[in-house]
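I'd like to ask you about the structure that follows.
Numbered from 1 within each chain, the chains take letters A, B, ... in sequence-line order.
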Number of protein chains: 2
Amino acid sequence: METKLTVREQILDHAITLMMLRGYNGFSYRDLSTLVGVKTSSIHYYFPSKDDLVLEAVNQYSDAVMVGLQSVDPALPARDKLATYTKLFGKTLGDGDQICLCGMLAADIESLPETVRQAVQAFFNANESWLASVLAQGAKEGTLIVKGDPESAARTLFAALQGSVLASRLFHTKSRLEDVEAMWRVAR
Amino acid sequence: METKLTVREQILDHAITLMMLRGYNGFSYRDLSTLVGVKTSSIHYYFPSKDDLVLEAVNQYSDAVMVGLQSVDPALPARDKLATYTKLFGKTLGDGDQICLCGMLAADIESLPETVRQAVQAFFNANESWLASVLAQGAKEGTLIVKGDPESAARTLFAALQGSVLASRLFHTKSRLEDVEAMWRVAR
DNA sequence: GTCTATACGAGGATAGAC
DNA sequence: GTCTATCCTCGTATAGAC
């Protein structure tokens, strides 16, 4: 049973996909117009300016990721939580030509308004604090390696994951994310 | 004694700076025209198309970084080599609003021709293999932590550094790079 | 080498009819 | 809500004078 998407939802979905591919400055209302099948003026009806569109796109993307994080079984050992997270992150690659929307917008941040910067920061903070708690759990269990405090370790881990999707796409390979995960895992 | 830069050199320098700020799709010949003080048609004289310009920019940037790597004293302990490298990486941040050119172009890669992709890949490979040899040395000395083979550890380290400059700029802070370095350093 | 002039499509945005 | 029509600026690029 497939749900019909409203025009508004289609616009938002395609905007997210396009930005994960080419970034904020690399797509246009015309592109969306072609993909959705409505005129650009109709898109302006829903999203008066491009900045409005981006902000909503980030929020929708962010909400979806948060739902993904909350759906991870809290009873799992930390190592398995990290494996799940890495797999989630790998899915953002899509057909191998997309990267995390918020990683992309972090690259484009100097072209964007302050509101978007705050939304992207919030995304980073949420992911890093989720990872920090997983690392803390892993340290207790002895299943994950944590050097220093979990917070700074989590920032480094998240940065490594963002950098790895970038490199994965650059080299047309998927293996780089697994290298990262292995780095934090205690050898069995 | 200051060296006068040719117009060509000025164009290239400003192009690099602008791309480190806003990316490939975020700057124009007009921007360069204003900064250098020549008309856009003169820029086309030196660089017929924007792709030509980007390719030369990457090569110049890459060459400069390679010189930086070669100038690191081979006699240094691995830990100090890594510290030097991290510092070099931190300098790319400039006034806090720039990121590594090749990290930026990796984000923009789907808008760029194959030639540029290869140049950016070469930059990644060179940095990763330099880091791999430093990690190998550090493992021998016992000054750096290396999990698994040095090559995959180096890829993760490089990804973490790229991700960290991105986050540093996003949050207007410089400390994130040091977190990364500390992660690979054996506690004394 | 650098300029003026110009072409031409892309891109964001709005007014007003339906 | 969606369209047509239109505006105006930006962006890459070229031709040809100096």
Side-chain angles (χ1 to χ4, degrees), chain A residues 3-58 60 101 104-105 107-117, chain B residues 3-58 60 104-105 107-116:
Chain A
T3 318
K4 276 181 239 170
L5 294 178
T6 66
V7 169
R8 193 176 200 283
E9 288 163 340
Q10 288 182 62
I11 294 169
L12 224 33
D13 286 353
H14 280 114
I16 290 172
T17 303
L18 282 175
M19 276 193 281
M20 290 171 73
L21 184 69
R22 287 192 229 117
Y24 173 73
N25 291 306
F27 86 102
S28 68
Y29 273 48
R30 270 179 163 80
D31 295 331
L32 291 173
S33 168
T34 305
L35 286 166
V36 178
V38 294
K39 298 296 170 182
T40 61
S41 51
S42 300
I43 304 177
H44 279 287
Y45 169 78
Y46 294 104
F47 308 98
S49 82
K50 206 180 175 185
D51 288 345
D52 297 325
L53 174 57
V54 181
L55 188 57
E56 287 219 48
V58 175
Q60 173 165 316
L101 177 63
M104 179 62 92
L105 294 182
D108 291 338
I109 203 69
E110 299 295 330
S111 308
L112 292 163
E114 189 57 27
T115 47
V116 174
R117 186 188 290 260
Chain B
T3 315
K4 275 181 238 169
L5 294 177
T6 65
V7 168
R8 192 176 200 284
E9 287 163 341
Q10 288 183 62
I11 294 169
L12 224 33
D13 286 353
H14 279 115
I16 291 173
T17 303
L18 281 176
M19 276 193 281
M20 290 171 73
L21 184 69
R22 285 191 233 121
Y24 173 73
N25 291 308
F27 86 102
S28 68
Y29 273 49
R30 267 182 165 84
D31 295 332
L32 290 173
S33 168
T34 305
L35 286 167
V36 179
V38 295
K39 298 296 169 180
T40 61
S41 51
S42 301
I43 304 178
H44 279 286
Y45 168 78
Y46 294 104
F47 309 98
S49 82
K50 206 180 175 185
D51 288 345
D52 298 324
L53 174 58
V54 181
L55 188 58
E56 288 218 48
V58 175
Q60 171 165 317
M104 180 63 91
L105 293 181
D108 291 337
I109 203 68
E110 299 295 330
S111 307
L112 291 162
E114 190 57 27
T115 48
V116 174

Quiz item: Is there a residue in residues 12-30 of chain A whose heavy atoms reach under 4.0 Å of DNA chain C, and which residues are they?
Solution: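 Those residues whose heavy atoms fall under 4.0 Å from DNA chain C, taken from residues 12-30 of chain A in numerical order, are A:Phe27, A:Ser28, A:Tyr29, A:Arg30.
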Quiz item: Tell me the salt bridge (charged side-chain N to carboxylate O under 4.0 Å, His left out) pairs involving residues 34-50 of chain A, sequence neighbours left out?
Solution: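 Matches after skipping sequence neighbours: none remain.
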Exercise. Tell me, please, which residues at least two apart from B:Thr40 pass side chain to side chain donor-acceptor pair (under 3.5 Å).
Key: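 Residues passing side chain to side chain donor-acceptor pair (under 3.5 Å) with B:Thr40: none at all.
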Quiz item: If you measure from CG on B:Leu32 to CD1 on B:Ile11, what distance do you get to the nearest 0.5 Å?
Solution: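 Here the interatomic distance stands at 7.0 Å.
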Self-check item: Residues in contact with DNA chain D, drawn from residues 50-58 of chain B - heavy-atom cutoff 4.0 Å
Solution: B:Lys50
Practice problem: Check side chain to side chain donor-acceptor pair (under 3.5 Å) between B:Arg30 and all other residues, then give those that pass, not counting sequence neighbours. | Solution: none
Quiz item: Backbone N or O of B:Tyr24 within a donor-acceptor pair of the B:Asp108 side chain at under 3.5 Å?
Solution: yes
Quiz item: How many Å lie between OH on A:Tyr45 and C1' on D:dT2, as a whole number?
Solution: 10 Å
Exercise. Please report, rounded to the nearest Å, how far the P atom of C:dG1 is from the CZ atom of B:Phe47.
Key: 13 Å
Expected rows: protein N/O vs nucleotides 3-6 of chain C N/O, under 3.5 Å:
residue : atom : partner : partner atom : Å
C:dC3   : OP2  : B:Lys39 : N            : 2.8
C:dC3   : OP2  : B:Ser42 : OG           : 2.9
C:dT4   : O4   : B:Ser41 : OG           : 3.0

Self-check item: All salt bridge (Lys or Arg N to Asp or Glu O under 4.0 Å) counterparts of A:Asp13, not counting sequence neighbours
Solution: none
Quiz item: So among B:Leu21, B:Leu18, B:Leu35, which one has a side-chain contact (heavy atoms from CB on, under 4.5 Å) with B:Phe27?
Solution: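 Considering B:Leu21, B:Leu18, B:Leu35, a side-chain contact (heavy atoms from CB on, under 4.5 Å) with B:Phe27 is found only for B:Leu18.
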Quiz prompt | Residue pair B:Tyr29 / B:Phe47: nearest heavy atoms and the distance that separates them | solution = OH-O, 2.9 Å
Quiz prompt | Partner set under side-chain contact (heavy atoms from CB on, under 4.5 Å) for B:Ser49, not counting sequence neighbours | solution = B:Asp51, B:Asp52
Self-check item: Student check: side-chain heavy atoms of A:Asp31 and A:Arg22 closer than 4.5 Å
Solution: yes
Quiz prompt | Partner set under side chain to side chain donor-acceptor pair (under 3.5 Å) for A:Ser33, not counting sequence neighbours | solution = none
Exercise. May I have the distance from A:Asp31 (atom CG) to C:dG12 (atom P), rounded to whole angstrom?
Key: 8 Å
Quiz prompt | Contacts of type side chain to side chain donor-acceptor pair (under 3.5 Å), residue B:Glu9, not counting sequence neighbours | solution =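 Partners of B:Glu9 by the side chain to side chain donor-acceptor pair (under 3.5 Å) criterion, ordered by chain and then number, come out as B:Thr6.
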Quiz prompt | Listed nucleotide nearest any side-chain atom of B:Tyr46, set D:dT12, C:dA13, C:dG1 | solution = C:dG1
Exercise. For the helix from C:dG1-D:dC18 to C:dC18-D:dG1, figure out the bend between the end axes, five pairs an end, and round to 10 degrees.
Key: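 Its terminal axes enclose an angle near 0°.
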Self-check item: Pairing residues for A:Arg117 by the salt bridge (Lys or Arg N to Asp or Glu O under 4.0 Å) criterion, not counting sequence neighbours
Solution: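 Only A:Glu110, A:Glu114 meet the salt bridge (Lys or Arg N to Asp or Glu O under 4.0 Å) criterion with A:Arg117.
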